[in-house]
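This report concerns only the one structure given below.
Positions are given from 1, in the same order as the sequence printed here. Any value given below was found using the heavy atoms of this structure, including those in side chains, with hydrogens, waters and symmetry copies removed. Keep in mind it's a predicted model, so treat the numbers as computed, not measured.
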Amino acid sequence: MTQDQNESVSRERRLVSRRNVLTTMGALPVITAATSIMGASEAAAATAFINPSVRRQTIRGFGGMAHAAWIGDLTAAQRNTAFGTGEGQLGFSVLRIPVPENQADFGRDLATAKRAAELGVIVFASPWNPPANMIETFVRGSQTNAKRLRYDMYGAYAQHLNAFNTYMRNNGVNLYGISVQNEPDYAHEWTWWTPTEMVRFLRENAGSINTRVIAPESFQYLKNMSDPILNDPVALANVDIIGAHLYGTPYSSFPYPLFKQKGAGKELWMTEVYYPNSSDSADLWPQALDVGEHIHHAMVDAEFQTYVWWYIRRSYGPMREDGQISKRGAMMAHFARFVRPGYVRIEATANPASNVYVSAYQGSDSRVVIVALNKGTSAVSQQFSLANSTATSVSSWLTDASRNVAPQGTTSMSNGSLTITLPPRSMMTFVTGVGGNPSPTPTPIPSPSPTPSPSPSGDPGTGCRVSYTMNTWNNGFTTSISITNTGSSAINGWTLVFTLPSGQSITGGWNATYTPSSGQVSARNVSYNGTIAPGATIDIGFQATHTGNTAKPTSFTLNGVPCTVV
């Protein structure tokens with residue numbers, strides 16, 4: 001971790017009860033660097049070729065951290081700004097929250113998490129420390145009071161994580177995943193873990209955690225923390241998401257060949273960063289363009305599926321203390337508002353000219369999003385060529401020194417070709433109208449540690465109950481389904497059958513295998529949840545698109561037996 005981050009975290013802990021001075025300043029002027037951009041001449045760039053048939057990673061989303069204990073909670077208006085997708089909003093689709101040490105504090109970030117979940121946002125959680133009774137101190141170099149989890153408490157710690165997951169679920173938030181430890185390799189103020197300890201916990205205890213498991217969240221994407229996990233088949237089987245932070249990580253360390261070799265079925269997330277520092281105003285211009293370039297490399301070079309900022313609301317963050325998006329936030333919004341969960345990054349010429357960076361993404365409706373950054377001091381005439389496209393128009397949004405994600409109207413496309421002038425020191429997002437190369441089925445959201453599931457056998461103990469909760473947005477939704485065995489005997493292997501209303505289609509799911517994607521759907525258990533004890537409840541879910549009909553299925557059967565719907 002950089003010195004800036006260490007000082008920032010220490011400062012934030014000391015200032016829990018105070019607000020940043022920017023809260024009293026109102027709307028902030030853009031702080032512009034002294035270098036002039038006047039008189040810049042337009043330069044031509046090589047064509048940026050975009051090929052939807054060459055598909056890379058499936059995007060889970062872009063987001064940030066809420067931490068009420070350290071900086072206070074977001075207000076209701078700030079939650080809408082953070083997670084809404086309209087003009088002047090960030091469009092975040094991922095929220096990270098802390099796992100408190102004490103169960104009495106489990107509800108601290110619930111209000112923000114619930115609002116995020118209502119808006120279809122993925123919520124995940126990371127712990128800084130286990131409960132105090134599970135910790136022992138030891139000497140680590142010059143640190144005489146270093147903390148680590150006692151080995152005899154590994155099982156109890158897994159249950160602590162389960163307790164938080166259950167609390168959130170019972171209060172309307174189904175966590176997408178939970179981390180073993182925030183920055184185990186930079187823990188001067190929290191709990192240390194060695195790579196060996198992390199692997200041991202994953203091998204022996206993580207299998208009992210009842211949501212996706214995230215590890216190791218190294219502070220600098222240090223591979224000595226994640227390589228041992230990828231090289232241990234048992235530990236890897238109990239991990240669903242390889243998580244990393246990017247504090248001070250050089251772009252040359254972004255690619256991860258070992259993950260490509262051994263990470264099949266796993267996800268790769270960037271779960272925390274601020275960039276380039278925590279000392280400058282987030283409105284410093286053109287410095288904010290560095291954030292756009294950082295996200296570009298995280299998507300294109302590292303092939304991360306998420307990009308998560310540290311505090312959502314902070315003087316150096318995507319939202320200022322006055323609740324308005326900052327210049328750094330505008331950089332994030334160019335991705336977050338338009339590259340939605342389930343989109344797939346597609347092949348694009350990444351660097352068609354000096355200081356120009358391009359990435360492209362495709363949704364399940366064939367819509368293509370292109371994000372282009374020009375960090376140079378001259379305007380650039382940039383041609384985009386979209387293979388096999390019949391799209392006839394493209395809408396665009398612009399951020400420069402005086403504008404934040406400002407709509408620029410619609411431009412015509414001809415034979416998949418479009419030429420646009422990228423202003424000096426600017427970022428633009430382009431969204432094609434629906435049309436063109438039919439989109440292949442998006443990569444499904446992997447279920448935790450998927451392995452072959454047993455065939456259903458027997459009836460559901462003669463009783464079952466189903467709860468079906470939807471979080472919808474303009475053309476999509478996520479659904480959480482709870483299945484309870486109300487009978488007197490265990491269910492060993494199950495299939496839940498229901499019919500999706502017209503216009504709804506599943507794009508990915510978790511904790512079950514879904515076939516087909518529309519109409520009458522069968523959700524079948526995976527290996528780790530095939531048995532439902534009497535009185536027990538399991539949770540499954542999926543993400544889907546809709547064409548305006550957000551009705552729920554009216555009936556469910558479990559192994560052919562009708563279920564009560566609550």
Side-chain angles (χ1 to χ4, degrees), residues 99-101 103 124-138 140 146-167 175-187 190-218 222-244 258-259 262-269 271 446-454 510-511 525-531 533 536 538-539:
V99 180
E101 301 168 28
Q103 292 197 16
F124 74 100
S126 299
W128 268 248
N129 289 303
N133 69 305
M134 299 183 189
I135 290 173
E136 63 183 4
T137 59
F138 69 108
R140 187 183 187 277
K147 293 186 291 188
R148 66 186 173 203
L149 179 66
R150 290 164 41 192
Y151 174 62
D152 65 329
M153 287 291 180
Y154 275 26
Y157 180 55
Q159 293 312 306
H160 174 72
L161 299 180
N162 272 338
F164 182 71
N165 180 59
T166 299
Y167 173 87
L175 293 180
Y176 189 93
I178 199 163
S179 174
V180 175
Q181 172 66 47
N182 170 76
E183 297 182 348
D185 50 346
Y186 190 88
W190 43 87
T191 302
W192 292 96
W193 292 66
T194 67
T196 300
E197 289 166 343
M198 182 69 69
V199 167
R200 186 172 188 173
F201 178 84
L202 293 173
R203 288 177 61 95
E204 298 178 1
N205 304 97
S208 66
I209 296 174
N210 54 21
T211 187
R212 293 176 186 80
V213 174
I214 305 169
E217 288 203 285
S218 165
L222 298 180
K223 307 306 190 294
N224 70 307
M225 289 298 300
S226 49
D227 280 357
I229 299 171
L230 291 167
N231 286 321
D232 188 303
V234 178
L236 185 60
N238 289 330
V239 172
D240 304 286
I241 300 167
I242 298 296
L258 186 64
F259 179 82
K262 297 191 174 183
K266 310 301 177 181
E267 300 196 30
L268 186 64
W269 286 24
T271 56
S447 300
S449 313
T451 54
S453 32
W510 51 92
N511 294 350
N525 69 273
V526 288
S527 63
Y528 54 81
N529 64 2
T531 298
I538 61 166
D539 294 310

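Scanning both residues, Gln103 and Ala163, for their nearest heavy atoms gives NE2-CB, 3.8 Å. Nearest heavy-atom pair, Met198 versus Ile229, reported as atom, atom and distance to 0.1 Å: CG-CD1, 4.1 Å. Closest approach of Leu258 to Asp227, counting heavy atoms only: CD2-OD1, 3.2 Å. Closest heavy-atom contact between Ser208 and Asn162: O-ND2, 2.9 Å. Asp185 and Met225 make their closest contact through OD2-CG, 3.5 Å (heavy atoms, listed as atom of the first residue, atom of the second, distance). Scanning both residues, Ile242 and Ser226, for their nearest heavy atoms gives CG2-CB, 4.3 Å.
Between the side chain of Asp232 and the backbone N or O of Pro228 there is no donor-acceptor pair closer than 3.5 Å. Proximity of a side-chain donor or acceptor of Trp190 to a complementary backbone N or O of Glu183 within less than 3.5 Å is detected.
For the side chain to side chain contact (heavy atoms under 4.5 Å, CB included) criterion with Ser179, the lone passing option out of Ile214, Thr271, Ile241, Val213 is Ile214. Tested against Asn165 for a side chain to side chain contact (heavy atoms under 4.5 Å, CB included), the candidates Leu175, Ile209, Asp539 yield a single pass: Leu175.
Phe138 and Trp192 have their aromatic ring centers separated by at least 6.0 angstrom.
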What side-chain donor-acceptor pairs closer than 3.5 Å can you find for residues 130-137, not counting sequence neighbours?
{"from": "Glu136", "atom 1": "OE2", "to": "Arg148", "atom 2": "NE", "distance (Å)": "2.9"}

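Residues passing the ring-ring contact (aromatic ring centres under 6.0 Å, His included) test with Tyr157, sequence neighbours excluded: Phe201.
Two residues are said to be in side-chain contact when any heavy atoms from C-beta on lie closer than 4.5 Å; His160 and Val99 meet this criterion. Counting heavy atoms from C-beta on, the side chains of Glu197 and Leu149 never come closer than 4.5 Å.
Atoms CG and OG1, from Asn129 and Thr191 in turn, are 3.5 Å apart once rounded to the nearest 0.5 Å. Here NZ of Lys266 is found 5.0 Å from CG of Leu236. Values are rounded to the nearest 0.5 Å. Considering CH2 of Trp269 and CD of Glu217, their distance stands at 10.0 Å, rounded to 0.5 Å. In this structure, Gln159 CD and Leu161 CG are separated by 9.0 Å, a value rounded to the nearest 0.5 Å. Expressed to the nearest 0.5 Å, how far CZ of Phe124 lies from CD1 of Ile178 amounts to 11.0 Å. Atom CG of Asn525 is separated from atom OG1 of Thr531 by 8.0 Å, given to the nearest 0.5 angstrom.
Pairs engaging residues 150-162 under the salt bridge (Lys or Arg N to Asp or Glu O under 4.0 Å) rule: Arg150-Asp152 [sequence neighbours left out].
Between Tyr151 and Tyr154, the ring planes are perpendicular. Angles over 60° get that label, and only those under 30° would be called parallel.
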